[in-house]
Amino acid sequence: MKTRRRTAAALIFSSVAFSVCGAEVVARATADDVELFTTRNFARSKLSLFDSAYPSAYDATLGWVPRPDYAGRRDNAWKTQVTIDADGYRENGGDAAGPEILAVGDSFTFGDEVDDEDTFPAHLERLLGRRVVNAGVFGYGLDQSVLRAERYLGAHRPSAVVLQAVRDDIVRMQMSKRTGVAKPFFTLPRSETSTRGVLRLEGVPTSPVRPSIDTIGPLRTVLGHSYLVDSLMRRFGHGAWWYVGQWDDAYAYQDLELATEIGCRLVERLGERLKEVSARGVFVAEYASHVLTLSEDDDPYIRPLKTVAACARSAGFEVVDTHVAWRALAKSDPASFQARYARVHLSSAGNAALAAEVAARLK
C-alpha cells in the first residue's frame, strides 16, 4: 500500500513539474522580450521602481532620469514603446518644429502605460504643430520636476513651460528616498533674518546606491527565475509588489503643510524664472481615476495640490485643474470617463483630452 502511495505521489509530482516546466517554456517561446534559455533572475534585474518598471539612469542632482538613447518595450512594466533621445527626453513619434514647449512632471507627463505617440506631450505637439519636449520623469515629486525644468531653462529658451503634478507629488516632496533610491528634497529653515524661510536643497549629490539582491528575500530569489511567474505578476497587477515591495520609502520630514508651503515657493521661483526668459507657464493639476471618486473633504491630499495650483496662478501660470470637470464626467458618463484611463495613468484618449485643455490655454 505504501509503495502504491509513493508511486502515485511521484506520478502526481512529476505531472505537476512537467506541466509547470511546459508552461514556462510556452511563456518564454511566445514572448518577444525574453530569451528562451536565459537563467537570469527577473526579480534581480528589477531591483527598484526605477530599475524595473522604467529605463532609468542615475543623476546626482535629480536622483534618476530616463536612460538616454534608449528604445524598446522590454524595460517598462507595461511593455509599451518607449523611445528616449540622447538628452534623456522621451520622443513623441513626430518631427514638429518651431518654438519649443517644455512639458515637465511625473509619470503622467512621461506617459506611463502608453506608446510614445500617445503621451500627453505627443498629443499637445500635434495639436499645436510645435515641438513639445517631454521632460516628464516617472516617480518624480514636484520638487524634482521644478529642478528638471530649471535645468532645461539653463540651456534652452522655450516659449512655454507646462508643469504637471498629481496630489502624490506633494507627498513625494517629503521623501529623501523612494523605493530604495535616494532623491533630493527641499527644506525651509527659518532664521532671525528670514522668518519666511529660505528654500534649501538637501540630499545632493544623491547616492548612486541601488537596492541589493540580498534584500529581495527567498521567494523572489527562487521564483524570480521564472518568466511565467514574472509575467503573471505583471498581468494581474502585482508588479509593484513583486518588484519593489521590499524597499521602503524614507522621509526627510512628515509635514504635509510644510510640503505644501515648499511647493508654493517652488512654483513661485519657477514663475520668476519664466518671466526672466519671457516664457509662458501652465500648471496642470490632474488625478488618478480612483482619486476622482473623492472630494476634497474625503481625501486630505487633494487640497494641498489645489493650494499649490492657486500659488502657481498667483505666480503667473495659467492653471488647468481636471478635478471638478473630470469628476463630473465620471458621474454623468462613466464609460467616457473610464476610456480616459488605462489603469492608473491616462490612456491615449485621456492624454488627448488633457492636451486639448492645455492647448486652449497656450493658443
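Quick caveat, the model's predicted, so the values are computed rather than measured.
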*asked:* Can you confirm whether the side chains of Y287 and D321 place a donor and an acceptor under 3.5 Å from each other?
replied: yes
dist L199:CG -> L188:CG (nearest 0.5 Å) comes out at 5.5 Å
With D59 as partner, the option from R148, R67, R151 fulfilling salt bridge (Lys or Arg N to Asp or Glu O under 4.0 Å) is R151
**Asked** Any ion pair linking R172 and D249 (charged N to carboxylate O, less than 4.0 Å)?
**Response** no
Sorted by chain and residue number, the side chain to side chain contact (heavy atoms under 4.5 Å, CB included) partners of S336 (sequence neighbours excluded) come out as L329, D333
task = Using the six-membered ring wherever Trp is involved, compare the ring planes of F108 and H345 and label them parallel, tilted or perpendicular (cut-offs 30° and 60°).
result = tilted
- Item | NZ/NE/NH1/NH2 to OD/OE distance under 4.0 Å, E150 and R269 | yes
Flag yes if more than 12 heavy atoms outside Y70 fall under 6.0 Å of its OH atom; otherwise flag no. yes
Can you confirm whether V277 sits close enough to R273 that some side-chain heavy atom of one is under 4.5 Å from a side-chain heavy atom of the other?
yes
Result for side-chain hydrogen bond (donor to acceptor under 3.5 Å, both in side chains) between R90 and one of T109, D116, T83, D85 points to D116
The reported gap from CZ in R343 to NE2 in H290 (rounded to nearest 0.5 angstrom) is 15.5 Å
Smallest heavy-atom separation, D106 atom then S145 atom, equals N-OG, 4.2 Å
Practice prompt. Give a yes or no on whether a salt bridge exists between D143 and K183, defined as a side-chain N under 4.0 angstrom from a carboxylate O.
Written response: yes
message: Can you confirm whether the side chains of Q174 and D255 place a donor and an acceptor under 3.5 Å from each other?
response: no
For residues 143-162, the ring-ring contact (aromatic ring centres under 6.0 Å, His included) pairs (sequence neighbours left out) are Y89-Y152, Y152-H156
Smallest heavy-atom separation, Q81 atom then G72 atom, equals NE2-N, 3.4 Å
**Q.** Residues S295 and D298: side-chain donor-acceptor under 3.5 angstrom
**A.** yes
* **Test item: side-chain donor near acceptor, R130 and S159, under 3.5 Å** => yes
Please check if any side-chain donor atom of H225 sits under 3.5 Å from a side-chain acceptor atom of T39, or the reverse.
no
